[in-house]
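Accompanying notes for the structure given below.
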Amino acid sequence: MIEISGVSKSFVLHNQGSAVIPVMERAALNVAAGECVALVGASGAGKSTLMRMIYGNYLANAGRIVVGGVDVAQAEPREILDLRREVLGYVSQFLRVVPRVATIDVVAEPLLNVGVAPRAARARAEELLRRLNIPERLWSLSPTTFSGGEQQRVNIARGFAHDFPALLLDEPTASLDATNREVVLSLIDEAKARGAAIVGIFHDEAARDRVCDREIDVTAFTPGLAA
Amino acid sequence: MNDEYNFAYLDEQTKRMIRRAILKGLAVPGYQVPFASREMPMPYGWGTGGVQVSASVLTPEDTMKVIDQGADDTTNAVSIRKFFEKTAGVATTEETGQADVIQTRHRIPEQDLREDQILVYQVPIPEPLRFLEPRETETRKMHSLEEYGLMHVKLYEDIAKNGAIATSYAYPVKVEGRYVMDPSPIPKFDNPKLEMAAVQLFGAGREQRIYALPPYTQVVSLDFEDYPFEASKADHACDLCGSESSYLDEVIVDDAGGRMFVCSDTDFCHSRRAAGHVGAQGAPFEEDAA
Amino acid sequence: MTPVFQVKELTKFYGNRIGCKDVSFDLYPGEVMGIVGESGSGKSTLLNCMAGHLAPDAGEVLFDTRADGMRDTVKMSEPERRMLGRTDWAFVHQHARDGLRMGVSAGGNVGERLMAVGARHYGDIREKAVDWLGRVEISADRVDDRPSAFSGGMQQRLQIARNLVTGPRLVFMDEPTGGLDVSVQARLLDLLRGLVREMGLSAIIVTHDLAVVRLLADRLMVMKDGHVVETGLTDQVLDDPQHGYTQLLVSSVLQV
């Protein structure tokens with residue numbers, strides 16, 4: 001489902017004397033349907049960077065990033081947009097929303113984007129919010145005023161609303177208590193069971209061991225190391 | 001006729017220029033043709049457009065009638081009639097059927113006109129879209145591209161505000177399915193008469209436009225499917241001659257609210273009374289009655 | 001899939017000065033393209049050339065007309081372009097008063113485009129107008145009020161309703177949230193997102209506000225001195241800017 005090979009990246013800071021900062025060299029990774037692979041490595045090693053490159057949020061300087069048959073590193077913007085709508089989901093560490101939009105609408109939006117009828121989309125959103133223990137009285141409020149943990153759970157609900165065949169999860173259990181962490185891990189298990197390919201970053205070792213089948217250490221892709 | 005003036009006041013070149021504009025107008029019914037409006041011995045806004053058109057179409061053998069709000073005896077009608085008596089020496093009349101050229105302000109005569117007659121209208125603002133679109137550049141484009149949605153917006157606003165199309169005079173019409181035209185401030189009651197056998201010429205002196213309707217031109221008043229056009233008038237008969245079908249003026253007769261309704265078309269009322277018709281407040285016709 | 005809109009080498013000079021130069025891109029149905037740049041970047045010139053308000057000096061602006069396929073709108077006759085502007089295209093101005101008739105009621109403003117393409121039933125027109133006012137969250141009892149009685153945000157929403165009532169396929173927007181209170185901007189942006197999705201619109205939005213493009217645009221073009229210096233997915237251009245000017249722009253945004 002996800003095949004990464006020969007991926008390299010550097011940042012060029014034009015306004016700081018054109019400093020070149022290489023961050024990744026010849027990264028490679030394969031994730032099959034139903035698998036969950038964890039990216040591990042020290043802070044700053046490039047876990048989030050690699051995840052963002054898979055999503056097309058960062059540009060790769062070299063290599064292939066094939067998701068569901070589409071090479072994200074080479075694809076046209078509209079191909080990536082289509083991919084992000086139907087195939088590839090991304091739950092980042094931070095919830096970014098249009099201000100003043102109700103939580104229920106935030107969560108339902110990915111379903112509306114793939115053409116699900118508003119009522120069905122809303123029903124699914126309610127189901128997820130209930131599972132993630134967001135009380136009903138908060139559903140009509142904007143999540144921008146929620147606590148960190150609540151925002152994270154809304155973020156996850158949004159990420160799991162549509163059954164993406166491929167999912168990228170950046171610290172999905174951070175800021176969550178034991179109960180909610182368990183809910184998220186169940187969601188991940190269910191996604192795997194329906195054949196989703198998942199790449200995750202988990203600082204929480206117990207969570208990682210629970211849902212991940214393999215680990216990839218991204219420090220292996222740090223530039224300057226011998227191959 | 002006074003020898004100081006060229007026939008009908010204007011020089012021959014000017015009359016030729018105006019006749020060319022008239023021909024253009026007749027060739028494209030409802031289209032406003034620009035013309036070089038001359039200084040007339042009356043201020044703009046007092047019928048100079050109508051006078052210039054009349055002057056250009058009159059021949060020495062013609063008989064002319066001038067009416068203002070349907071009446072031959074108001075100050076303006078009298079002045080303009082005297083103007084043509086002096087500068088053209090043409091015969092004048094108050095009888096609609098006897099006239100070759102009729103200049104009118106704000107009414108169409110009740111009596112049907114014939115193919116050998118010309119009706120000349122005085123027009124203050126020729127542009128029907130002016131009140132909604134003040135830019136001349138824009139209204140010219142709208143006419144040339146047949147973009148008349150705005151005209152219906154005006155009617156929409158009327159209905160939204162008043163429950164019905166409130167425009168009661170200068171009611172816009174579509175000519176031969178193409179140009180939207182302002183028929184001059186005639187009451188909407190007169191709109192159906194715009195389809196007639198006579199030639200109709202419209203002159204706007206201040207705005208420098210001439211437009212025209214050849215005989216038997218199709219003229220349709222704008223409306224909505226669910227708010228159709230109605231040629232309405234006061235629900236009365238003429239108190240002098242009893243006519244139920246003519247447009248009426250309401251006249252206040254005393255300071256106690258007394259009023260009477262009389263035909264606005266004085267010649268029409270006069271003819272009916274001469275034929276023996278008497279209205280509710282009328283006296284039997286006497287030959288020398290004013 | 002064919003693009004709905006294609007710009008090729010679009011160029012406009014003001015005497016010797018470059019307005020915009022060699023701008024090219026394709027836009028597909030349902031895509032929103034943001035064009036950002038600071039004052040003088042050429043983004044407004046580009047927008048006006050694309051929308052047919054200015055004649056470009058070189059280049060093509062192709063639109064997929066349903067009847068005749070891809071046609072260069074620059075070469076169209078004025079009546080054709082104006083017809084396009086009333087049906088398939090829409091233009092949302094920065095200042096609502098440029099895009100509304102202030103002397104006409106809200107219902108009349110929304111109904112005008114319908115009447116311009118031949119609607120002649122008052123009841124139907126009014127019903128559609130009220131429906132659209134509802135979709136832009138203006139209450140039905142304001143249908144006979146003039147826009148001069150509306151707040152800035154309401155005027156802008158009315159402008160949107162007026163533009164979208166005939167179901168256009170391409171919407172040009174010039175700083176659609178400029179001048180509005182911040183709280184009002186948020187609702188307007190969400191409304192626009194919803195309408196774009198529901199109606200399958202393509203849109204081109206010119207703005208200097210990076211937050212607006214992040215929320216509204218799928219793709220982004222960054223302009224400087226009349227040239228496009230960077231283009232790509234909005235989130236990619238903002239999170240991983242490649243060009244020095246884009247990097248400067250992104251790093252200059254104040255965080256709240």
Side-chain angles (χ1 to χ4, degrees), chain B residues 28 31 125 127-167 171-180 188 191 218-230 232, chain C residues 52-53 76-87 89-90 97-130 132-133 138 140-149 158 161-163 165-166 168:
Chain B
V28 189
Y31 166 70
I125 306 275
E127 178 51 69
L129 298 162
R130 182 60 64 223
F131 48 85
L132 273 179
E133 178 51 76
R135 295 169 290 181
E136 171 74 11
T137 47
E138 215 16 59
T139 50
R140 282 202 205 186
K141 272 210 187 110
M142 288 160 122
H143 282 294
S144 71
L145 302 178
E146 211 175 335
E147 288 182 11
Y148 290 128
L150 202 52
M151 210 61 241
H152 276 88
V153 171
K154 160 74 161 75
L155 300 178
Y156 169 97
E157 293 289 287
D158 268 359
I159 299 172
K161 198 182 296 180
N162 304 308
I165 297 177
T167 308
Y171 193 104
V173 296
K174 195 148 212 229
V175 177
E176 288 289 326
R178 178 55 182 89
Y179 281 95
V180 166
K188 67 178 179 179
N191 275 25
Q218 179 200 65
V219 179
V220 177
S221 300
L222 301 184
D223 60 12
F224 285 100
E225 287 163 12
D226 49 342
Y227 284 83
F229 171 77
E230 280 168 23
S232 52
Chain C
H53 298 164
M76 271 183 183
S77 66
E78 195 176 355
E80 284 181 289
R81 238 198 326 270
R82 280 171 74 112
M83 189 55 162
L84 206 54
R86 280 203 304 278
T87 52
W89 281 11
R97 24 195 80 232
D98 293 332
L100 290 174
R101 295 204 190 268
M102 300 305 280
V104 169
S105 70
N109 264 288
V110 177
E112 183 179 346
R113 272 173 83 124
L114 293 170
M115 291 183 254
V117 293
R120 290 290 176 264
H121 191 279
Y122 174 83
D124 288 348
I125 294 166
R126 192 176 172 84
E127 202 180 301
K128 251 197 158 159
V130 167
W132 263 97
L133 289 180
I138 295 177
D141 62 6
R142 310 291 315 251
V143 65
D144 295 323
D145 291 345
R146 300 241 171 106
S148 40
L158 179 62
R162 172 183 161 88
N163 269 287
V165 70
T166 45

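To find a chain, count down the sequence lines: A is the first, B the second, and so on, and within it residues start at 1.
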Is the number of heavy atoms from other residues, nucleotides or ligands within 6.0 Å of [atom1] ([X]) greater than 12?
X        : atom1 : value
B:Glu230 : CD    : no
B:Lys174 : NZ    : yes
C:Glu127 : CD    : no
B:Arg130 : CZ    : yes

**OP:** Among C:Gly107, C:Gly103, C:Gly123, single out the residue with the greatest number of heavy-atom pairs under 4.5 Å to chain B.
**Re:** C:Gly107
**OP:** Report the option among C:Met115, C:Arg120, C:Glu78 that has the most heavy-atom pairs separated by less than 4.5 Å from atoms of chain B.
**Re:** C:Arg120
Original post:
Side chains of B:Met142 and C:Arg82: does their closest heavy-atom pair fall under 4.5 Å?
Top reply: yes
Original post:
Taking C-beta and beyond as the side chain, do B:Glu133 and C:Arg101 meet within less than 4.5 Å on heavy atoms?
Top reply: yes
Original post:
Does any heavy atom of chain B fall under 4.5 Å from the side chain of C:Arg86, the backbone, both, or neither of them?
Top reply: side chain
**OP:** Tell me, for B:Ile159 versus chain C, whether the close heavy atoms (under 4.5 Å) come from the side chain, the backbone, both or neither.
**Re:** both
Subject >> Toward chain C, the part of B:Lys161 with a non-hydrogen atom under 4.5 Å >> reply: side chain
Original post:
Shortest non-hydrogen contact from C:Asp144 to B:Ala160?
Top reply: OD1-CB, 3.5 Å
**OP:** Grab the two heavy atoms, one from C:Gly108 and one from B:Glu157, that are nearest each other, plus how far apart they are.
**Re:** CA-OE2, 3.6 Å
Subject >> Aromatic ring pairing B:Tyr156/C:Tyr122, orientation class (parallel under 30°, perpendicular over 60°, tilted between) >> reply: tilted
Original post:
How far does CD of C:Glu112 sit from CG of B:Leu132, to the nearest 0.5 angstrom?
Top reply: 8.0 Å
Original post:
So, does B:Glu147 use its side chain to make a donor-acceptor pair with the main chain of C:Ala116 at under 3.5 Å?
Top reply: no
